[in-house]
Amino acid sequence: MLEKKEHQYEQAVLVGLITQNQSEDKLIEYMDELEFLAFTAGATVAKRFTQRLTQPDSKTFVGKGKMEEIRDYAKEHNIGTVIFDDELSPSQLKNLEREMEVKILDRTNLILDIFAQRAQTSYARTQVELAQYQYLLPRLTRMWTHLERQKGGIGMRGPGETEIETDRRIIRDRITLLKDKLKIIDKQMGTQRQNRGKTVRTALVGYTNVGKSTLMNALSKSEVFAENKLFATLDTTVRKVVIGNLPFLLTDTVGFIRKLPTQLVESFKSTLDEVREADLLIHVVDISHESFEDHINSVNEILQEIDAHRKPMIMVFNKIDDFSYEKKDEDDLTPGSNKNISLDEWKKTWMAKSKFPTVFISALTKENFPEMKKLIYDEVLRIHISRFPYNDLLFEYFDDEEEK
């Protein structure tokens, strides 16, 4: 298995592009997220570099002048890591490492590194290892740059190519082995899901770091690991929850993110199966984040990708305790932002336009929990009656006094 890196705080710089498909405002937002990813991985960001190009340079992602500027800054300030906001091609990665002589990471590699740090169980580690090898395989040539330092000559080309092909074969064999191992585990987990009996299954979904695990702990009265970092939860956790006298299963799943590496979608198939096979999705959103609507769209895109977008859903807008509102003066003619919309206005907007039941809560302070529980109860009961019509159990929702 690829070795997990030790937790060290490295100095890094970030690099991103303003293109015809990505505005300056959108880039700033992505770079903020990239900095949070870097922090989660164990790096501190010294500087951000941005450039406006029609499209990324095919050889070095950024232009030659910008690349030299980044290289000089890294040398002057002893920066050992340069992180790019988009996935780099194998040739871009190789060219940048040769020109800059520092460690080059892209967004995909950074996310994979975080997953490697966070994976706790054997199953999660196997999933991450598979994703790492799938990412590494087409980029294997960069591991043999020591051969380029030798001045050509007869006999130098063959051994290098042979060595690379040998490693490619080893990695391909390892990928096959890991896929076979995951198939066995997937089958076991599928059997476990089938054996859960006549119980409605619900799954928490949402962008990473929106408070799913905190909500899971509050609803199930358990201690699922929760932290204010990205991808705190990798391992799927299933808990039995009872609201009133109606039991159901609640699953906490890995958080989604924009530009989610395809390797992770592939390797975390079984984790995503928990979402695919759930009867009800509870979509948790961080209402305090300025770009929460983009986060919703990102999650919906991934749900569509895994064919889980037609399921019943409850929209839970979390972190209302962190929500901040900036009132805009009437004579202020500058364009408004999400910060200029009050929580009451958001409620009216989302309650009115959403086709799903919607509630605004704080998982930390448990504000509006009775309202949320009532929504969940109603949806679970509706599904329960439709799926298990001959079940002997009849349920009536408890009043607020009984809940307390």
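The model shown is predicted, which means the values in this text are computed figures rather than measured ones. No hydrogens, no waters, no symmetry mates; every other heavy atom, side chains included, goes into these values.
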**Item:** Criterion salt bridge (Lys or Arg N to Asp or Glu O under 4.0 Å) on K64 and E99, from CA distance to verdict
**Value:** CA-CA 10 Å; K64 184 179 179 182; E99 293 293 331; over 6 Å; no
**Request:** Apply salt bridge (Lys or Arg N to Asp or Glu O under 4.0 Å) to K374 and D378, showing your working.
**Result:** CA-CA 6 Å; K374 179 67 166 65; D378 289 344; 2.7 Å; yes
[X] side, atom [atom1]; [Y] side, atom [atom2] - distance, nearest 0.5 Å:
X    : Y    : atom1 : atom2 : result
L93  : I104 : CG    : CD1   : 7.5 Å
T349 : D344 : OG1   : CG    : 10.5 Å
M315 : L281 : CE    : CG    : 11.0 Å
L105 : L110 : CG    : CG    : 6.5 Å
I114 : F39  : CD1   : CZ    : 10.5 Å
L112 : T108 : CG    : OG1   : 6.5 Å

**Asked** Between W346 and K348, is there a cation-pi geometry (under 6.0 Å to ring centre, at most 45° from the normal)?
**Response**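 Because its charged atom misses either the 6.0 Å distance or the 45° angle limit, K348 does not stack over W346.
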**Asked** When you look at K103 and E10, which way does the side chain to side chain contact (heavy atoms under 4.5 Å, CB included) test go after all the steps?
**Response** CA-CA 11 Å; K103 180 167 59 179; E10 305 175 21; 3.1 Å; yes
**Request:** Give a yes or no on whether D173 atom CG has more than 12 heavy-atom contacts from other residues, nucleotides or ligands under 6.0 Å away.
**Result:**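 Yes, the 6.0 Å shell around CG holds more than 12 heavy atoms from other groups.
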**Asked** Got more than 12 heavy atoms from elsewhere within 6.0 Å of NZ, K353?
**Response**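 Yes, because the 6.0 Å sphere around NZ of K353 holds more than 12 heavy atoms from other groups.
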**Asked** Can a salt bridge be assigned to the pair E33 and R107 using a cut-off of 4.0 Å between side-chain N and carboxylate O?
**Response**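 Yes, E33 and R107 are salt-bridged.
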**Item:** Electrostatic pair E24-R52, nearest N-O below 4.0 angstrom
**Value:**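 Here E24 pairs with R52 in a salt bridge, since their nearest N and O are under 4.0 Å apart.
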**Asked** When you look at Y30 and D294, which way does the side chain to side chain donor-acceptor pair (under 3.5 Å) test go after all the steps?
**Response** CA-CA 11 Å; Y30 285 166; D294 285 340; over 6 Å; no
**side chain to side chain donor-acceptor pair (under 3.5 Å) evaluation trace for D321 with S362** = CA-CA 6 Å; D321 53 311; S362 167; 2.9 Å; yes
**Prompt:** So F84 and F61, would you call those rings parallel, tilted or perpendicular, with 30° and 60° as cut-offs?
**Reply:**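 Ring orientation of F84 relative to F61: perpendicular.
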Backbone N/O of [Y] and side chain of [X]: donor-acceptor pair under 3.5 Å:
X    : Y    : value
Q22  : T19  : no
K311 : D279 : no
Q51  : G63  : yes
T358 : F356 : yes
E371 : N368 : no
N318 : V284 : no
K212 : Y207 : yes

**Asked** Where is the tightest heavy-atom contact between V299 and G206, given as atom of each residue plus distance?
**Response**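 Smallest interatomic distance, heavy atoms only, reads CG2-C, 3.6 Å.
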**Prompt:** Among all residues two or more places apart in sequence or in another chain, which pass the ring-ring contact (aromatic ring centres under 6.0 Å, His included) test with F49?
**Reply:**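 If we apply the ring-ring contact (aromatic ring centres under 6.0 Å, His included) test to F49, skipping adjacent residues, the hits are Y73.
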**Request:** List the steps, then state whether side chain to side chain contact (heavy atoms under 4.5 Å, CB included) holds for M31 with T50.
**Result:** CA-CA 10 Å; M31 294 288 266; T50 61; 4.2 Å; yes
**Request:** Check the pair F248 / E379 against side chain to side chain contact (heavy atoms under 4.5 Å, CB included), numbers first and verdict last.
**Result:** CA-CA 11 Å; F248 60 93; E379 286 298 303; over 6 Å; no
**Request:** Report yes if some heavy atom in the side chain of L177 is under 4.5 Å from a heavy atom in the side chain of K181; otherwise report no.
**Result:**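 SC-SC contact between L177 and K181 ruled out.
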**Message:** As a quick check of understanding, evaluate side chain to side chain contact (heavy atoms under 4.5 Å, CB included) for D86 and L17, giving each step before the final call.
**Reply:** CA-CA 9 Å; D86 289 287; L17 291 181; 5.5 Å; no
**Message:** Quick test of your reading: applying salt bridge (Lys or Arg N to Asp or Glu O under 4.0 Å), list the pairs with at least one residue in residues 53-62, sequence neighbours left out, ordered by first then second residue.
**Reply:**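 Every candidate salt bridge (Lys or Arg N to Asp or Glu O under 4.0 Å) pair involving residues 53-62 fails, so no pair, neighbours aside, qualifies.
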